[in-house]
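All remarks here apply to the structure that follows.
Computed from heavy atoms alone, side chains included, the values below leave out hydrogens, waters and symmetry copies. We count ligands from 1, going down the list as the structure has it; atoms in each ligand are counted the same way.
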Amino acid sequence: MDHRQWTVVGAPSSAGAHTPGIERAPAALRAAGLLDRLGADVEDAGDVPGFRWRPDPAYPRGQNAGAVAAVASAVADRVAAALVRGRAPLVLGGDCTVTVGLVAGCARAGLSPALVYVDGGPDLYTPETRANGNLDAMGLAHMLGLPGTLPEVAGVGPAVPLLSPDRVVVYGDSLPRGDHERELVAELGLTYVPADEVHADAGAAARRARSVAEGGADRFVVHFDVDVLSFVDAPLADVPEPFGLSLGEAAVTLAELVASPRFAGLSVTEINPDHLPDDELLPRFASVLAGALTGR
Ligand SMILES: [Mn+2]
């Protein structure tokens with residue numbers, strides 16, 4: 001896997017979050033040594049213009065939608081430029097809506113990718129179902145073009161919707177039965193690999209996700225929200241989740257997905273540097289992540 005040529009794109013934006021903080025993650029990941037660990041041929045495409053969260057009283061149910069769309073569009077440009085040069089984009093968020101940019105960038109490069117959505121929740125809310133109005137809980141809903149989603153965010157790519165349900169794998173959450181998003185996953189017919197399946201055998205769970213993604217499209221991308229991790233084990237996320245995967249389970253998952261010849265790119269989202277308990281966790285995370293991405 002050392003042959004994979006990564007192009008890092010920073011997206012320092014918390015536009016879709018509840019509060020500021022995660023816009024500082026790309027700089028923190030660079031300072032933690034992530035790029036040095038990504039092989040000899042890593043390239044840094046720099047940061048897109050960022051946005052620090054602020055309240056959006058003009059549209060409380062879909063806050064900062066214009067900024068979310070602008071950031072995603074700028075990410076899409078740099079992702080497309082990397083893909084057409086045969087490189088693998090690694091998008092450093094930023095909030096989860098940067099993945100709209102990853103998928104839209106694939107579309108701008110002429111691909112119709114599948115998406116493996118590794119996240120503590122599948123981000124299937126819409127402005128109608130999310131009172132907080134934080135768009136980072138609505139990214140996948142916008143890529144699927146669900147009713148009630150905002151045209152400026154759903155329309156970042158050349159195609160609307162960007163994704164069809166048969167090209168989506170929802171991976172790693174611990175949502176209880178009866179949960180709104182979990183019911184939507186079933187209703188939409190998305191492939192579902194819950195946390196329990198990963199705990200039982202992370203390699204097997206990842207192989208199932210990979211095989212569905214490989215069968216769904218010529219290429220696929222991966223979204224990795226660190227809130228899929230158990231917050232007590234790895235307190236990185238903007239929004240703490242009590243249940244979750246271990247860092248080791250996430251690493252096994254990412255390594256399996258990135259090893260696929262159909263893998264096209266990855267986003268890493270929702271790291272809040274203010275939540276780090278010490279100076280050790282982020283370098284350790286960067287090392288584990290880079291190991292998974294380079295097959296080491
Ligand atoms: Mn998320």
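Taking 2.8 Å as the criterion, His223 does not count as a coordinating residue of the Mn ion (ligand 1), since none of its N, O or S atoms falls below it.
No side-chain donor-acceptor contact under 3.5 Å links Ser260 and Arg262. Using modelled atom types, one finds no donor on one side chain facing an acceptor on the other under 3.5 Å when comparing Arg182 with Ser174.
In this pair, His223 and Tyr117 present their aromatic rings parallel. The plane angle is below 30°, not in the 30 to 60° band.
Ion pairing of Arg208 with Glu197 is present here, as a side-chain N (NZ or NE/NH1/NH2) and a carboxylate O approach within less than 4.0 Å.
Summary: OD2 is the N/O/S atom of Asp123 found nearest to the Mn ion (ligand 1). Asp119 contributes atom OD2 as its closest N/O/S atom to the Mn ion (ligand 1). Closest N/O/S atom of Asp225 to the Mn ion (ligand 1): OD2.
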